[in-house]
Q: 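Supplied in structure tokens, the structure appears directly below.
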Amino acid sequence: APRREGMASLRCLGWALGRSNRAGTRWRSTTALARTLELSQTSLTRRVELFEAFQRRQQESTPTGNVEVVVEVGGSAGAVEVECAVGTPRDAFKQAGVRGKVAAAQVDGALWDMSTRLLPGSRVKPLFSNYTTPDVQAAMAHSAAHVLGAALEAICPRILLTNGPGNPDGRFYYEGCVGRCASTCQTISADEMKSLRSHMRGIIKRDHPFERVEVTEAEARDVFVDNPFKQHYISQAMKRVPGGPISLFRCGPFIDLCRGPHVASTGLLGGVALLSANGHAWDPAALQTAGWPESEPADMQRVHGVALQSMDALKEWQQHQKTMAKRSHRTIGAAQELFMIHPVSPGSPFFLPHGTRIINRLKAYLQKKYHEYGYDEVMTPSVFSKSLWQKSGHWDHYANDMFFVSDDGHSLRPQESKNAIDGSHDVVLERGLKPMNCPAHCLIYSHRPRSYRELPVRVADFSALHRNESSGALTGLTRVREFHQDDGHVFCRPEHIFEEVQNCLAFVRDTYGLFGFEYTLNLATRPEPFLGTNEVWDQAEGRLRDALDSTGERWTVDEGGGAFYGPKIDITLTDALGRHHQTATIQLDFQMPERFDLTYTDEAGETQRPVIIHRAMLGSLERFFAILCEHTGGKWPLWLSPRQVAVCSVSQQHAERAAEVHAELKAAGIHADLECGDESLGKRLRRIRSLRYNYTVVIGDSEVEGGGVTPKERDSEANGVAISLEEFIGNIHAAQNAV
């Protein structure tokens, strides 16, 4: 191994063995560091030996008797139930005579590994490797991530792996710390990517089974004694289930912490491809809990890939990616000069004139709907004192994702302060840029006493929001640090919830229907723990269910998926490329009114607490801009288009009339551009087509003589029909006013 690589690992391994009780001593001398490196070279073998010892123990302690289960064989139309006395899903499918490549098992509706011990009375169903259901796809991707982890440890022997999840869309990654020595940063090179692909193909070809064992916390820490990041994830697992078992998985020589499930074996991974490698920054707090030395930079690399059912499916996916690349909002944004990102302000987009036109039209549409649905638009500050964030709870739970500023050069470190929300003097000069609008809207609501006659109070806000996203997470307009949200809050009585949520759902229907999006509705219910009483939650969830039923649309339930302060409805849209985007949210909140002591006086003169409904239709305008850009492929609808009409003269002798037409269109408030110049007509028309103008008006002899225009619609094969300029302007205005 290169010396710089080895030294980085020596520091990391010295840390690990210094923390381990098993090591017995801290490695301080150069000789001791060399001994640490020697342990690193044998640690993979040692992990396998420990895993096999745990496996033998598990086999010896597992009851040898079989349990009675029911195996569902065949499709939904012709399913046959076979009763078996078996121990695992693998045994059940073998005894039931199931044929084909079984990737995993569905046991009582949940995805299971093939080797997990069954419980009496279980209903077991085979899931084949050619299934495209999200759970099978996620297991496929997760299994491919483990194969990648094995390849990373083989090709990059000094890497310290962190974690490798898989997604239902087939994408996966594995992340690892590659170390740093002095100022030289090690990354995954192009040659190493080739080697990783080759090594993964070998692992898949050898068809290693995925095997699972359960161990104690101490045993898991012993297996990963040389990896501080695995130690961190062990601690996280213990927080979720204190004292519970930890599961380890093995495929070939690779051992990993994992909850599973996985497919039966690596040979079932039909189409796997590595896509890219990029840097990623861990949250400093997570590094601290992992025990990573503050003086030692943690250079993370993520290797990304995709796993699908077959090579044919992979080729189809790759072709789809090429189509998506052409429709990328970053590609279209550059070609149409809509927005830009500059390194002096990473994650904060600059909207250019044509992009700003689109944003303004989106806002104008929303403002029209605000008037229709009874919202009042407000403007609120961007910077608030620490005392507000303490009261709202963001200081305790969201501070790492916020930007802070200070006055007079004072420190940005947290300081003691008086509560300034009640009007008392705020002695702290520290301020935070707001990541969301709800605390400011609570201040607006509470600035004077409220009567039941005023409720519901509906406010909306387009103020800029700031969230301190890590640099590695920033992506075009979809993940930014500064953004604008169509943020709205409804302060209402509990009995208003049904009607107000109905109005929000109607707002969603109007908006997504306008853009041609299909969408799904999902009710997320009470989690554990939760704020409030069972009675309040039952009533709130009942009103949300009634509101969803009133739409006449299908909806699903995510049991326990709500926030601790209230249930919510998530709206997920599907774009023209078949991708799903969670955008709109309708969230009930019982906590914020308590924190800000929001009240109103009821009919009897008693003080009551309102409920807050957080709602956003588009979510982040920047992100919705990106989604809509890719959904339309840059072919903006006329009412939203930043380039509605291009006026083009056939030759210089027609240029004067073309300029007159252009001036009249501009005077009518239409986004029109003039294309007259020395370039050939064909070249100018090709540029017009590339910029996706809705209409092209070519001025030639007949237009000069007759005084009319012959507009041709975008993508139309037919020639335009001659009409008067006034009629053309009226048609465009009618289309705009219809929205």
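Residue numbers run from 1 in the order of the sequence given.
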Q: Are Trp555 and Asp549 linked by a side-chain donor-acceptor pair shorter than 3.5 Å?
A: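 Note: Trp555 and Asp549 side chains meet the donor-acceptor criterion.
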
Q: Is the closest side-chain donor-acceptor distance between His354 and Gln336 under 3.5 Å?
A: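 No donor-acceptor contact under 3.5 Å links the two side chains.
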
Q: Give, for atom CZ of Arg458 and atom CZ of Arg615, the distance between the pair rounded to the nearest 0.5 Å.
A: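 Result: 10.5 Å between the selected atoms.
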
Q: Do NZ/NE/NH1/NH2 and the carboxylate oxygens of Asp169 and Arg579 come within less than 4.0 Å?
A: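 So Asp169 does not pair with Arg579 through a salt bridge.
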
Q: Just checking, is any N or O donor in the side chain of Tyr519 or Glu553 under 3.5 Å from an acceptor N or O on the other one?
A: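 Note: Tyr519 and Glu553 side chains meet the donor-acceptor criterion.
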
Q: For residues His329 and Phe625, establish whether the separation of their ring centroids is below 6.0 Å.
A: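 No, too far apart.
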
Q: I'd like to know if the side chain of Glu518 pairs up with that of Thr574 as donor and acceptor (distance under 3.5 Å, no hydrogens or angles considered).
A: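 On atom types as modelled, these side chains do not qualify, holding no pair under 3.5 Å.
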
Q: Looking at Trp395 versus Phe404, is the centre-to-centre ring distance below 6.0 Å?
A: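 Between Phe404 and Trp395, which both carry aromatic rings, the centre distance is below 6.0 Å.
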
Q: Below 4.0 angstrom, N of the basic side chain to O of the carboxylate: do Arg543 and Glu495 qualify?
A: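 Not counted as a salt bridge, because no side-chain N and carboxylate O are separated by less than 4.0 Å.
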
Q: Any chance the side chains of Asn694 and Gln644 put a donor and an acceptor closer than 3.5 Å?
A: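 Their side chains do not contain a donor-acceptor pair, so the 3.5 Å distance test is not met.
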
Q: Does a donor on one side chain and an acceptor on the other come within less than 3.5 Å for Lys434 and Thr380?
A: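 Note: Lys434 and Thr380 side chains meet the donor-acceptor criterion.
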
Q: Count the heavy atoms of every other residue, nucleotide or ligand shown that sit under 6.0 Å from NE2 of His371, and state whether that count exceeds 12.
A: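 It does not: His371 NE2 has 12 such atoms or fewer within range.
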
Q: Decide if atom CD of Glu603 counts as having more than 12 heavy atoms of other residues, nucleotides or ligands within a radius under 6.0 Å.
A: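 It does: Glu603 CD has more than 12 such atoms within range.
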
Q: Any chance the side chains of Thr572 and His580 put a donor and an acceptor closer than 3.5 Å?
A: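 No, because no side-chain N or O of Thr572 sits under 3.5 Å from a partner of the opposite role on His580.
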
Q: Determine the minimum heavy-atom distance between Ala141 and Arg171, stating which atoms define it.
A: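 Heavy atoms of Ala141 and Arg171 come nearest at CB-O, 3.6 Å.
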
Q: Does either side chain, that of Ser550 or that of Gln502, offer a donor lying less than 3.5 Å from an acceptor on the other one?
A: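 On atom types as modelled, these side chains qualify, holding a pair under 3.5 Å.
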
Q: Step through it carefully: locate the ring centre of Phe624, locate the ring centre of Phe515, and say whether they are under 6.0 Å apart.
A: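 Ring centroids of Phe624 and Phe515 are less than 6.0 Å from each other.
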
Q: Between Thr583 and Tyr512, is there a side-chain donor-acceptor contact under 3.5 Å, judged purely by atom types and distance?
A: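 On atom types as modelled, these side chains qualify, holding a pair under 3.5 Å.
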
Q: Under a 3.5 Å cutoff, is there a donor and acceptor pairing between the side chains of Asp510 and Tyr365?
A: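 Result is no, nothing qualifies.
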
Q: Which pair of heavy atoms, one from Glu482 and one from Pro349, lies closest together, and at what distance?
A: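 Heavy atoms of Glu482 and Pro349 come nearest at O-CD, 3.8 Å.
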
Q: Out of curiosity, Phe491 CZ to Tyr600 OH, how far, rounded to the nearest 0.5 Å?
A: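 Nearest 0.5 Å value for the CZ-OH distance: 13.5 Å.
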
Q: Do Arg467 and Glu469 meet the salt-bridge criterion of a basic N to acidic O distance under 4.0 Å?
A: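 Salt bridge flag = no for Arg467 with Glu469.
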
